[in-house]
Amino acid sequence: MYARIAGVGSFLPGQPVSNEDLVRRGVDTNDDWIITRTGIRARHLADEGCTSSYLGYEAAKRALDSADVEAADLDLIIVATSTPDFIFPSTACLIQEKLGNRGAMAFDIQAVCSGFVYALGVADKFIRSGSHRKALVIGAEVFSRILDWEDRATCVLFGDGAGAVVLEASERPGILATAAHADGSYNRILSVPGSVCGGKVIGDPFLRMDGQAVFKFAVKVLSEVATECCAIAEIASSKIDWLIPHQANIRIIESTAKKLGLVMDKVVVTVEKHGNTSAASIPLALDAAIQDGRLQRGQKIMLEGVGGGFTWGAVLAEY
Ligand code: ACO
């Protein structure tokens with residue numbers, strides 16, 4: 001029994017905000033610096049009041065439509081997010097209500113930018129065990145809420161959005177291998193080191209990052225974990241039709257592809273359109289490759305992510 005990708009959907013809020021728009025809004029930066037260092041040309045920023053559950057719901061509806069699955073028939077809903085609507089209940093439960101599903105197991109996963117591949121891996125285990133048959137896996141983020149707009153080294157990198165996948169139990173191949181890891185000793189190189197206590201923010205509620213340390217770590221583990229997945233599935237990395245990596249930075253993506261011996265023609269890149277949307281970026285890129293006709297049924301895809309924690313993981317699947 002496999003967990004097969006039955007449908008995919010994604011959603012970006014509002015209009016794209018270009019690098020020049022950020023300059024006009026008062027960020028001390030320029031288009032050339034951002035494009036050269038990151039490949040990002042635009043991001044989408046959710047209006048006040050637009051939440052991860054709203055973005056996730058919009059992506060989920062599109063994924064359910066493309067899978068031709070009714071929300072009522074889902075028995076598992078997992079949401080990967082680091083920007084939940086509330087401390088609790090989970091964003092998964094809020095999306096469940098919006099979708100009109102009752103009774104499915106619903107919970108959030110917190111693994112920052114690796115959240116989507118962590119969540120897919122967990123859903124795959126549930127489906128392969130036979131306990132669940134139809135899972136909705138969502139990555140949804142409003143990272144703009146945790147950005148310090150005075151910190152130009154971070155605020156230009158991120159955006160808001162959501163993507164979703166419906167997985168169904170199937171005898172036809174779907175997910176072939178998953179791998180996920182973490183090393184908490186790297187927690188300080190990327191974090192939002194704040195919390196709420198007694199009605200007050202304790203610590204720092206904004207994203208802080210050591211960009212160069214993150215860069216080195218990301219390239220190392222992304223190539224390692226993709227290689228690990230290929231070994232589990234016993235296929236050569238050259239057999240991957242599409243590498244669909246976390247969309248953080250074009251230079252991280254290019255370095256990873258090079259280490260895996262993949263030409264950039266086999267890599268799905270959408271970072272220029274929406275920046276780093278954390279847990280949403282992989283399903284956003286997956287959906288883009290389906291929508292533009294590049295990704296065809298039967299092709300092999302490697303999804304992989306790395307993020308705060310530090311966490312990293314990959315999913316090798318036949319689409
Ligand atoms: N616009 C203009 N200048 C800037 C900006 C900006 N937005 N941000 C920083 N600078 C300046 C700095 O002030 C510095 O100026 P100085 O030399 O006069 O002091 C100069 O640019 C270089 O700064 P660095 O921080 O050394 O820049 P670096 O070359 O390391 O690039 C970057 C920074 C793009 C963040 C890089 O480290 C990187 O890509 N890291 C990966 C981080 C990443 O992608 N994180 C995403 C989250 S993690 C994840 O999703 C996996």
Side-chain angles (χ1 to χ4, degrees), residues 17-43 80-83 110-118 139 141 143-161 163 180-184 186-193 206-226 243-257 259 269-272 274-285 303-314:
V17 176
S18 70
N19 296 335
E20 296 293 355
D21 290 333
L22 291 186
V23 175
R24 279 189 281 276
R25 289 178 185 203
V27 180
D28 178 16
T29 188
N30 59 76
D31 187 47
D32 186 52
W33 191 97
I34 301 174
I35 290 176
T36 314
R37 295 287 216 297
T38 72
I40 298 167
R41 292 176 186 274
R43 71 288 294 143
T81 186
S82 299
T83 48
Q110 159 60 294
V112 204
C113 306
S114 314
F116 189 75
V117 283
Y118 263 56
E141 303 280 15
F143 250 56
S144 57
R145 304 283 151 74
I146 51 169
L147 298 178
D148 175 357
W149 291 98
E150 301 293 318
D151 178 9
R152 65 180 183 169
T154 56
C155 71
V156 301
L157 304 176
F158 297 90
D160 304 332
H181 302 282
D183 184 342
Y186 286 90
N187 74 79
R188 285 170 203 82
I189 64 173
L190 180 60
S191 63
V192 180
F206 294 120
L207 184 149
R208 302 299 175 203
M209 179 178 74
D210 175 345
Q212 288 174 9
V214 167
F215 193 102
K216 279 185 213 136
F217 192 90
V219 173
K220 178 178 176 292
V221 297
L222 284 173
S223 53
E224 281 174 5
V225 79
L243 176 67
I244 307 180
H246 170 47
Q247 306 287 315
N249 180 309
I250 188 65
R251 293 185 304 141
I252 293 177
I253 294 172
E254 285 170 349
S255 304
T256 307
K259 278 198 157 192
V269 178
T270 55
V271 68
E272 75 279 5
H274 52 67
N276 184 344
T277 56
S278 190
S281 90
I282 295 170
L284 274 163
L303 313 178
E304 58 168 1
V306 56
F310 247 72
T311 56
W312 63 102

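Atoms within a ligand are numbered from 1 in the order they appear, just like the ligands themselves. Throughout, numbering of the chain's residues begins at 1 and tracks the sequence.
Separation of atoms CG (N276) and CD1 (I40) is listed at 6.5 Å; rounding is to 0.5 Å. Taking CG of D160 as the reference point, atom OG of S278 lies at 10.5 Å (rounded to 0.5 Å). Residue F143 holds its CZ atom at 5.5 Å from SG of C113, rounded to the nearest 0.5 Å. The structure places CZ of F158 at 4.5 Å from CG of L207, a figure rounded to the nearest 0.5 Å. With values rounded to the nearest 0.5 angstrom, I34 atom CD1 is found 5.5 Å from R43 atom CZ. Within the model, atoms OG of S82 and CD of Q110 stand 3.5 Å from one another, a figure rounded to the nearest 0.5 Å.
With a heavy-atom cut-off of 4.0 Å, T154 does not touch ligand 1 at all. Of the heavy atoms in L190, only side-chain atoms (C-beta onward) come closer than 4.0 Å to ligand 1. Here A218 has no heavy atoms under 4.0 Å from ligand 1, in either its backbone or its side chain. Only the side chain of V214 comes within contact range of ligand 1, with a heavy atom under 4.0 Å; no backbone atom does.
Checked by distance only, ligand 1 and Q212 come closer than 3.5 Å through their nitrogen or oxygen atoms. The N/O atoms of V156, backbone and side chain alike, include none that comes under 3.5 Å of an N/O atom in ligand 1. On a distance-only criterion, N249 and ligand 1 share at least one N/O pair closer than 3.5 Å.
Distance check on atom 23 (O) of ligand 1: every protein heavy atom falls at or beyond the 4.0 Å cut-off. In this structure, atom 14 (C) of ligand 1 is not in close contact with the protein, since no protein heavy atom lies within 4.0 Å of it. Atom 18 (O) of ligand 1 is never approached by the protein to below 4.0 angstrom, counting heavy atoms only. Atom 31 (O) of ligand 1 is flagged as protein-proximal [any protein heavy atom, distance under 4.0 Å]. Of the protein's heavy atoms, at least one falls inside 4.0 Å of atom 48 (S) of ligand 1. Remark: atom 39 (O) of ligand 1 lies closer than 4.0 Å to at least one protein heavy atom.
Those atoms of ligand 1 with a heavy atom of F158 less than 4.0 angstrom away are 46 (C), 47 (C). The atoms of ligand 1 that sit less than 4.0 Å from any heavy atom of V306 are 49 (C), 50 (O), 51 (C). Close contacts of ligand 1 with A153, meaning ligand atoms under 4.0 Å from a residue heavy atom, involve 8 (N). Here is the list of ligand 1 atoms found below 4.0 Å of a heavy atom in A248: 44 (O), 50 (O).
Closest protein heavy atom to atom 4 (C) of ligand 1: W33 CE2, 3.3 Å. Shortest contact from atom 29 (O) of ligand 1 to any protein heavy atom: R37 NE, 2.8 Å. The closest protein non-hydrogen atom to atom 6 (C) of ligand 1 is T29 OG1, 3.3 Å. Closest to atom 36 (C) of ligand 1, if we only count protein heavy atoms, is R251 NH2, 3.8 Å. Scanning the protein heavy atoms around atom 41 (C) of ligand 1, the nearest turns out to be G211 O, 3.4 Å.
Put simply, part of N276 is less than 4.0 Å from ligand 1, judged by heavy atoms.
Remark: among candidates H246, R152, M209, the nearest residue to atom 35 (C) of ligand 1 is M209, based on non-hydrogen atoms.
Here salt bridge (charged side-chain N to carboxylate O under 4.0 Å, His left out) pairs that include residues 149-159, with residues two or more places apart or in two chains, are D28-R152, D151-R208.
A perpendicular orientation is assigned to the rings of W312 and F217, their planes being inclined by more than 60° (bins at 30° and 60°).
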